[in-house]
Chemist: 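Let me begin by handing over the structure; questions about it come next.
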There are 2 protein chains.
Amino acid sequence: MARMDYTRDNMAGLLRSHDINPTHQRIEIAHALFSRQEHLSADQVMAFVNTRHSETSKATVYNTLKLFLDKGLVREVIVDPSKVFYDPNTSPHHHLYEVDSGKLSDIDARSVQISGLPQLPDGMVTEGIDLIVRVRRQR
Amino acid sequence: MARMDYTRDNMAGLLRSHDINPTHQRIEIAHALFSRQEHLSADQVMAFVNTRHSETSKATVYNTLKLFLDKGLVREVIVDPSKVFYDPNTSPHHHLYEVDSGKLSDIDARSVQISGLPQLPDGMVTEGIDLIVRVRRQR
DNA sequence: CCGGAGATTAGACAAAGTCCAGATTGCCTA
DNA sequence: TAGGCAATCTGGACTTTGTCTAATCTCCGG
Ligand SMILES: [Mn+2]
Ligand SMILES: [Mn+2]
Ligand SMILES: [Zn+2]
Ligand SMILES: [Zn+2]
């Protein structure tokens, strides 16, 4: 995966390539996620997008994140019962979650092997396999 | 693991063995979880406990589930962004989650091998490894 | 019987997320 | 250029899950 610049201009192309009409708000939200390459909650996205002056409503942030999810531009990470994280990294990977700090980092899936999973019930298909390693500071 | 009866009477002993003072409400809540051997949300526990007549308050349900968690009597399962599930099965196991129906079932950890996980950051210790297989009806 | 620790409670509160009806935007066509 | 129109955005009410608190209840030991 080649490194690239996540400028606002490049965001427009990225959105179009995922079949998303690039509006001002959508570009800002994509930029917040992709320029940082971090796992962000809706609240954090909201804060980043509205740092200078209020630009984007809460409804739009939530709608847009759901749209990005539907279109496969971002991924949802469910590790904290109190909020969902959105992940600009859609390549197959797992997560390391530091329960005290809430810090979430990626584990490349290529280095990890999972075997022995049971067969799926008939007519079912795997949507994804989430592996979360929960860690904390040693006491 | 030998099969056993999860009668209310046996719940008292189970609670005591986990260093929990067995009160009426705690016995009812434990019974709701253990007699069913299912993953239940706080809301579902609340509903089961209060079927006949209102017996237990919301605060007590939440307090008690947290107490059970602290004492290691139950486990928390985070798969759905909208609610936490409580799991009476504390033996090492993974989960299969049917995203459409919300149905959650166990995968015995003994049949599954996970290898290649990276070393932990220094001073960190693993609290748990959650593996969730998300499946849906084939379209 | 009394005191007090532990447990329970109602209900106010908070945070995350959803929903809706009205306003705005950006095009397309006449 | 002036509508017309579909897509988008918005404030704010609303819902759901979970937390908190201060008052009350329970039960046991002295
Ligand atoms: Mn993509
Ligand atoms: Mn146990
Ligand atoms: Zn990630
Ligand atoms: Zn389970």
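Letters A, B, ... mirror the listed sequences (proteins, then strands); counts begin at 1. No experiment lies behind these values; they were computed from the predicted model shown.
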Chemist: Check the distance between C:dT9's P and B:Tyr62's OH and give it to me in whole angstrom.
Modeler: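 Rounded to the whole Å, the gap is 15 Å.
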
Chemist: Checking contacts here: which listed nucleotide (C:dA7, C:dA16, D:dT10) is nearest the side-chain heavy atoms of A:Thr60?
Modeler: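 My answer, after comparing the listed nucleotides, is D:dT10.
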
Chemist: Whether B:Arg36 engages the ring of B:Phe48 as a cation-pi pair (distance to the six-membered ring centre under 6.0 angstrom, angle to the ring normal within 45°) should be assessed.
Modeler: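 Judged by the rule, B:Arg36 and B:Phe48 form a cation-pi pair.
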
Chemist: Can you tell me how far P of C:dT8 sits from CD of B:Glu28, to the nearest Å?
Modeler: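 In whole Å, C:dT8 P lies 12 Å from B:Glu28 CD.
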
Chemist: Can you tell me how far C1' of D:dG18 sits from CG of A:Asp80, to the nearest Å?
Modeler: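 The distance from CG of A:Asp80 to C1' of D:dG18 comes to 13 Å, rounded to the nearest Å.
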
Chemist: Would you check if there is a donor-acceptor pair between the side chains of A:Ser41 and A:Asp43 at a distance under 3.5 Å?
Modeler: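 Absent: no donor and acceptor within the cut-off.
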
Chemist: Which listed nucleotide (C:dC20, D:dT8, C:dT8) is nearest to the side chain of A:Arg26?
Modeler: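 Of all the options, the side chain of A:Arg26 is nearest to D:dT8.
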
Chemist: In which ranges does DNA chain C form stems of 3 or more consecutive Watson-Crick or G-U pairs, distances under 3.5 Å?
Modeler: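 DNA chain C stems, ordered by first number: C:1-30 with D:1-30.
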
Chemist: Measure up the B:His39 and B:His95 rings against each other and bin them: parallel (under 30°), tilted (30 to 60°), perpendicular (over 60°).
Modeler: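 Perpendicular.
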
Chemist: Give one of base, sugar-phosphate or nothing for A:Ser82, where a contact means two heavy atoms less than 4.0 Å apart.
Modeler: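 Answer is sugar-phosphate: A:Ser82 comes under 4.0 Å of backbone atoms only.
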
Chemist: Please classify the nucleic acid contact of A:Ser41 as base, sugar-phosphate, or nothing, using heavy-atom distances under 4.0 Å.
Modeler: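 Nothing: the residue A:Ser41, judged by heavy atoms under 4.0 Å, touches no strand.
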
Chemist: For A:Arg134, is there an ion pair with B:Glu127 - N to carboxylate O distance below 4.0 angstrom?
Modeler: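 A salt bridge is absent here (no side-chain N lies under 4.0 Å from a carboxylate O).
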
Chemist: Is it true that the side chains of A:Thr7 and A:Asp5 contain a donor and an acceptor less than 3.5 Å apart?
Modeler: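 There is no such pair between these side chains.
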
Chemist: Is it true that B:His94 and B:Asp108 share a donor-acceptor pair across their side chains at a distance under 3.5 Å?
Modeler: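 The answer is no; no qualifying pair exists.
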
Chemist: Counting only distance, no hydrogens or angles, is the base of D:dG18 paired donor-acceptor with the side chain of B:Lys58 under 3.5 Å?
Modeler: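 Looking at the base of D:dG18, it does pair with a donor or acceptor on the side chain of B:Lys58 (distance under 3.5 Å).
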
